[in-house]
Amino acid sequence: MFSPQRTMGQYTTPKETVHYMTRKLLSELPTKSNMKILDPATGDGIFIHTLLEEGLSAENLYAFDIDRNTAAPHPEIHFHYADFLKVDQPGQYDAIIGNPPYKSKRQSPYFSKNREIIQRDFGKVGIHNLYSLFIHKGIQCLKPGGVMTMIVQDSFLTNIYYKSFREFLLKETEIKEIILAPRRLFHKGKADVRTAIITLKKKGTGAVTSSQMRLVDRLNEQNYDHPPADHIQYLSQQAYEQMPARNFAINVPEDILTHFEGSYRNLGNVLKGGTGISTGDDRSFLRSFKDGHVPPEWIPFYKNGGRKDAWYYEPKYYIHKNWPDYVEKNTNFTVRNRSYFYQKGITCSSMGVDFSAALLPEGSLFGVNANLFPEQEEDLYYFLSLLNSKLMKYMVRKVLNRTNMITSGYIKKIPYIEPDPLQKQVMIEIARSIVEKKKENPSFQTDEWQSLVDQTVYEIYNISNSSRSKVHDFCHDIMEKI
Ligand SMILES: C[S@@+](CC[C@H](N)C(=O)[O-])C[C@H]1O[C@@H](n2cnc3c(N)ncnc32)[C@H](O)[C@@H]1O
């Protein structure tokens, strides 16, 4: 019954998840009889088997797989070896269910082999990953009012590349539910991938019912029906239409979400800056001096501070003062925002689970991470405190970008609220003191001051106690919670 791939441990959707998805799909359909249901990437046919167990009749079930080694899941269903992305069946199905392949442009030769046809059929909505093409195609293949439940990689929720895809979903469908599936769902196989189960209904010709989306935060187990109460949120789809880049935030409290609505004031409006030098080959161009003796012709170079580097850290890398000579000789050596070079500022982390910000000392250069240059020295310390608060970490990693790559574009989207003078003073003094202490002792413990910063930022942004505890929970274990 199971394909060699499955026996070999390649990943396939776990049974409990398939059962939930099947029940969810059927609950959104008006009836079980005479519903044309498709699994477009059937593999070992686990969705088809489950639909049959649920009493669906084989003659109404359809499945595709591109792999010729795939056996028909059942002799009486309509099974075809076919590339689903190339089938021409608009408006044919009442329901679509499945687990499509997750392969990015870099991971699959499919994209280059089929460049023209993909560009023609999917170009407008964006071509990034096979799973998003499957959803796009699936929506076209649904009848108006048809329903789809898919488990896919969750990168479409916030990544800027998927902005048009999210707009497409909002325009063409009613989103019924998004669940962040357990993080290790596919760990028994080889895939280490974060996934979400999305259920949506293709908009019909009639008026859209103003139903609420059921949004479920990252689960520890496959308890999709009865997740912990604080993991569930009901939200109107219009809330997503108000978000920057139409981000799909999951279970973010409304008093935090409202800060992102419409044309809100953000850090990009009050702070200048961006990325600096991309050497194209850090190993060749950057150096570290472990013994602490730095020859005078080497300039501090900041590129990605870690969690322990928040507030202040000694430079880890240096670049030679003759770096301008490299620009002409190396095409990959690119330089942006030259006017900020050597200025005192803030340097943010760019990669890694935790987001943090540190002082960028005068006379330094910086890499492709985000670097910010407030006009007043006082503001610099204010923003240093602000960016190291838990609320900002939450806004960056939970709302603006769930991936580990934080570029300045995302940071500039952080909402800005003017603090009152006293709040601002508190934040400035804390940042100055921590920087001084960390200069003397890099492992200085900042915990007490950190909680005062957190509290002040919650007050500035008017965040309720229950939302504060959600932020704390998330920041306590971002890797697991995201
Ligand atoms: C992640 S597996 C899912 C298998 C199964 N649905 C499950 O959940 O256990 C994806 C399946 O999609 C198939 N596939 C990949 N590209 C396809 C395409 N363009 N059209 C149809 N099937 C495709 C693969 O052969 C594989 O069986």
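Counting starts at 1 for both ligands and their atoms, following the listed order. Bear in mind the structure is a predicted one, so any value in this text is a computation, not a measurement.
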Peer 1: Of the choices D65, T70, V152, D67, which has the non-hydrogen atom that lies closest to atom 24 (C) of ligand 1?
Peer 2: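 When every heavy atom of D65, T70, V152, D67 is considered, D65 comes closest to atom 24 (C) of ligand 1.
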Peer 1: Find all atoms of ligand 1 within a distance of less than 4.0 Å from any non-hydrogen atom belonging to D83, and give their numbers and elements.
Peer 2: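 Selected atoms, number and element: 18 (C), 19 (N), 20 (N).
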Peer 1: With backbone taken as N, CA, C and O and side chain as the heavy atoms from C-beta onward, which portion of Y102 lies under 4.0 Å from ligand 1: side chain, backbone, both, or neither?
Peer 2: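 For Y102, there is no contact with ligand 1 at all, from either part.
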Peer 1: If you look only at pairs with a residue in residues 278-287, which of them pass as a side-chain hydrogen bond (donor to acceptor under 3.5 Å, both in side chains), with sequence neighbours excluded?
Peer 2: T279-D282, D281-S284, D282-K303
Peer 1: One thing to verify: whether D309 and K316 come together as a salt bridge, which I'm taking to mean a side-chain N less than 4.0 angstrom from a carboxylate O.
Peer 2: yes
Peer 1: Taking NZ, NE, NH1 and NH2 as the nitrogens, is one of them in K393 or D354 under 4.0 Å from a carboxylate oxygen of the other?
Peer 2: yes
Peer 1: Any atoms of ligand 1 less than 4.0 Å from a non-hydrogen atom of P40? List them with their elements.
Peer 2: 21 (C), 22 (N)
Peer 1: Salt bridge or not between D121 and K86? Use side-chain N to carboxylate O under 4.0 Å.
Peer 2: no
Peer 1: Quick check: does A41 get an N/O under 3.5 Å from an N/O on ligand 1?
Peer 2: yes
Peer 1: Before signing off on this row, confirm whether F134 and ligand 1 have an N or O atom pair separated by under 3.5 Å.
Peer 2: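 Among all N and O atoms of F134, none is under 3.5 Å from an N or O of ligand 1.
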Peer 1: Any salt bridge linking E116 with R120? Criterion: basic side-chain nitrogen under 4.0 Å from a carboxylate oxygen.
Peer 2: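 Salt bridge flag = no for R120 with E116.
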Peer 1: Report, in ascending order of atom number, the atoms of ligand 1 lying under 4.0 Å from any heavy atom of I46.
Peer 2: 7 (C), 9 (O)
Peer 1: For ligand 1, which part of T12 has a heavy atom less than 4.0 Å away: the side chain, the backbone, both, or neither?
Peer 2: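 Near ligand 1, T12 shows its backbone as well as its side chain.
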Peer 1: Could E167 and R246 be called an ion pair, given the rule that one side-chain N must be under 4.0 Å from one carboxylate O?
Peer 2: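 Yes.
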Peer 1: For ligand 1, find out whether one of its N or O atoms is nearer than 3.5 Å to an N or O atom of F84.
Peer 2: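 There is such a contact, yes.
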Peer 1: Could you walk me through whether F366 and F301 pass the ring pair (Phe, Tyr, Trp, His ring centres under 6.0 Å) test, one step at a time?
Peer 2: CA-CA 5 Å; F366 47 91; F301 188 92; 8.0 Å; no
Peer 1: Given G43, G98, A82, A63, which has its nearest heavy atom closest to atom 21 (C) of ligand 1?
Peer 2: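 It is A82 whose heavy atom sits nearest to atom 21 (C) of ligand 1.
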Peer 1: Is there a polar contact, in the sense of an N or O pair closer than 3.5 Å, between T13 and ligand 1?
Peer 2: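 For ligand 1, there is an N or O atom that lies under 3.5 Å from one belonging to T13.
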Peer 1: Of the backbone atoms (N, CA, C, O) and the side-chain heavy atoms from C-beta on, which set of F186 has a member under 4.0 Å from an atom of ligand 1: side chain, backbone, both, or neither?
Peer 2: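 It is neither; nothing of F186 touches ligand 1.
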Peer 1: Of all residues at least two apart in sequence or in a different chain, which pass the salt bridge (Lys or Arg N to Asp or Glu O under 4.0 Å) check with D154?
Peer 2: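 By the salt bridge (Lys or Arg N to Asp or Glu O under 4.0 Å) rule, D154 matches R218, R402.
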Peer 1: Between L130 and ligand 1, find which residue part has any heavy-atom pair under 4.0 Å and reply side chain, backbone, both or neither.
Peer 2: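 No part of L130 comes within reach of ligand 1.
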Peer 1: Charged N to carboxylate O below 4.0 Å: is that the case for K143 and D94?
Peer 2: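 Yes, this pair counts.
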